[in-house]
Amino acid sequence: MSNDLKKSILERRLIFITIFVVVMLPLIFPLGLKPEITPLVKNAFQMVETAPDSALVIISFDYDPSTITELQPMAYALIDHAWRRGHKVIAIALWPQGVGMANEAFSNVIAKHHPDKKYGTDYVNLGYKAGGTVTLQAMGRDFRNVFPQDMNETPIAQIPMLKNVRKLQDIDYVVSLSAGDPGLTAWIMVASDMYKVKTAGGTTAISAPGFLPYVNKNQQLIGLLGGLKAASEYEAMLSVKGDATVSMDAQSVAHLAILIFIIIGNIKAWQKRRSQNKVRS
Amino acid sequence: MLQFMNQFGIWIAVFFTFSIFSFLYKDNPFYKFAEQVFVGLSAGYWLVYMIYNILIPNLFSKLITDFRGNAILLVPGILGVLMLLRIFPKIQWISRFPLALVIGTTAGISIVRSLQTNILSQITSTMINPFASDSIAILIGNLLLIIGTICGVYFFYFSKKQEGISAIPSKVGIWFLMISFGASFGYTVMARISLLIGRLDFLLKDWLHLIK
């Protein structure tokens, strides 16, 4: 193994250890950094804020445990906000493990902020449906045919908050928390573009740039929460110090460290190229 | 017992977390073990989940409770069985029929909706009057949107050699593309750090109880 290769492996390990430490320390000793609210998050917040009291809303849990760090804080904040406004929350999942994510989110928000909320009256979990776009289109024709019962096998007709729901268009707004496909794209295609239901999305940071063009003049998406940063912004708008707010300290410090590494890496690459040019000449 | 099982689960999760992290030092048997357990468990979980949450409620239960009323379900059921024939080399060609049906149906359903959502709506959303707003920031944003869209699309126009004046929009388009790649990279870094935060949060909160 050449000296250069050995050095490069050592440098990589140093970077890993440094990132590990700079992420860990702010989790133990929070810095209390305040996020700046961006228009994309403000739009999503306003959509929830301006919906009528007792609005019927869908939160679609289109993710699994691998992305809970980014998407679960969004779920907590959105459910909390919806309940503060008196909305009735319908949880569905286009991903099988989304059902468990929804249950955990409801339990968490009930335990922390809304102990008075009752299943069937204030929220319901309809469970998982396969099919993505096709399923959502069918919901626009006949909601009850797609979801004849909730995840506990209770017929929809016996769930008080769903007595007036016949079609997807009876829903006031939809938020899809999405880690991939099927997910937010399907909701934009069907709920927003086809049935004109107000739609917002929450995605992992990695997929957020792909959804930015949908927040446009045509309002294919009303607002977009992209990654942990957006979740912390939403928490700040609710004046809640939640998981995302605490995690953002670590995120910010790690970004600073990565910026420093990028600068050092570029200087080293420039020096190497310069010395190679000297040798050649 | 429940308390013990919870603790046992946490310790197993800690073991697998460190096993996966150990790859950062170098490839080793702990990493390989964790990786293979993950792959095996995921496959098993999906198989069981699909049987109990899709096949049984949507097919078997309906056929058992009301066979005559749900006889049409035999069609997708049989197509599903045909799809499995891929595992027999001599008759694997039969699996092409259900596959063709799936591809054809999916394309038929998706093309119209994709065209509307990803092309027509996207095009109309860039047809804006850039001077409609009084705000300078919005005006600049609108102009950037129009210039970026036109130059970005022009960069992918390959039917004529781009040289001289006709190469300028293409070069502007490259700048817009580079900036968008940079933004995507920034978001990717954020996503990857978020994953690390998630694991460290688990280790510090659930395992070591160092944070609340």
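Remember, predicted model here, so these are calculated numbers, not experimental data. Chain naming here is simple, since letters A, B, ... match the order of the sequence lines and numbering starts at 1 in each.
- Top candidate by heavy-atom pairs under 4.5 Å with chain A, chosen from B:Ile109, B:Leu210, B:Leu204, is B:Leu204.
- The 12-atom threshold is exceeded at CZ of A:Phe16, counting heavy atoms of other residues, nucleotides or ligands nearer than 6.0 Å.
- A:Ser66 touches chain B through its backbone: at least one of N, CA, C or O sits under 4.5 Å from a heavy atom, while the side chain does not.
- Of the two parts of A:Val246, neither the backbone nor the side chain holds a non-hydrogen atom closer than 4.5 Å to a non-hydrogen atom of chain B.
- When the heavy atoms of residues 53-75 of chain B are compared with those of chain A, the residues falling under 4.5 Å are B:Ile54, B:Asn58, listed by number.
- Between the side chain of A:Asn216 and the backbone N or O of B:Ser125, no donor-acceptor pair lies under 3.5 Å.
- Comparing A:Met194, A:Gln97, A:Met189, A:Met248 by heavy-atom pairs within less than 4.5 Å of chain B, the highest count is held by A:Met189.
- For chain B, the nearby part of A:Val99 is the side chain; its heavy atoms alone come within less than 4.5 Å.
- Looking at B:Thr105, there are no atoms closer than 4.5 Å to chain A (heavy atoms on both sides), in backbone or side chain.
- The 12-atom threshold is not exceeded at CZ of B:Phe38, counting heavy atoms of other residues, nucleotides or ligands nearer than 6.0 Å.
- The 12-atom threshold is exceeded at CZ of A:Arg144, counting heavy atoms of other residues, nucleotides or ligands nearer than 6.0 Å.
- Highest contact tally toward chain A, considering only B:Ile197, B:Thr126, B:Ile211, is held by B:Ile197 [criterion: heavy-atom pairs under 4.5 Å].
- Both the backbone and the side chain of A:Ser247 come within contact range of chain B, each with at least one heavy atom under 4.5 Å from a heavy atom of that chain.
- No other option in A:Lys129, A:Arg12, A:Met24 has as many heavy-atom pairs under 4.5 Å with chain B as A:Met24.
- Contacts of B:Phe202 with chain A are absent, with no heavy-atom separation under 4.5 Å from either backbone or side chain.
- Contacts between A:Lys229 and chain B at a heavy-atom distance below 4.5 Å involve backbone atoms as well as side-chain atoms.
- Of the atoms belonging to A:Ile258, it is side-chain heavy atoms, and not backbone ones, that fall under 4.5 Å from chain B.
- Among residues 173-191 of chain B, the residues having any heavy atom closer than 4.5 Å to a heavy atom of chain A are, in sequence order, B:Ser184, B:Phe185, B:Tyr187, B:Thr188, B:Val189, B:Met190, B:Ala191.
- The residue among A:Val190, A:Thr185, A:Ile28 with the most heavy atom pairs within less than 4.5 Å of chain B is A:Ile28.
- Interface remark: A:Ile17 contributes no atoms to any contact with chain B (heavy atom separation under 4.5 Å).
- Heavy-atom minimum distance, A:Tyr128 versus B:Met50: OH-CE, 4.4 Å.
- In terms of heavy-atom proximity, A:Lys217 sits nearest to B:Met127 at NZ-O, 3.1 Å.
- Between chain A and the residues B:Thr124, B:Leu145, B:Thr106, B:Leu195, the most heavy-atom pairs under 4.5 angstrom are made by B:Thr124.
- Using a 4.5 Å cut-off between heavy atoms, B:Arg199 does not touch chain A at all.
- Note that the CG atom of A:Leu25 and the CG atom of B:Leu200 stand 10.0 Å from one another [nearest 0.5 Å].
- For the options B:Gln122, B:Gln116, B:Arg192, heavy-atom pairs under 4.5 Å to chain A are most numerous at B:Gln122.
- Only the side chain of A:Glu70 comes within less than 4.5 Å of a heavy atom in chain B; its backbone stays farther off.
- Neither the backbone nor the side chain of A:Gln219 comes within contact range of chain B; no heavy atom of the residue lies under 4.5 Å from a heavy atom of that chain.
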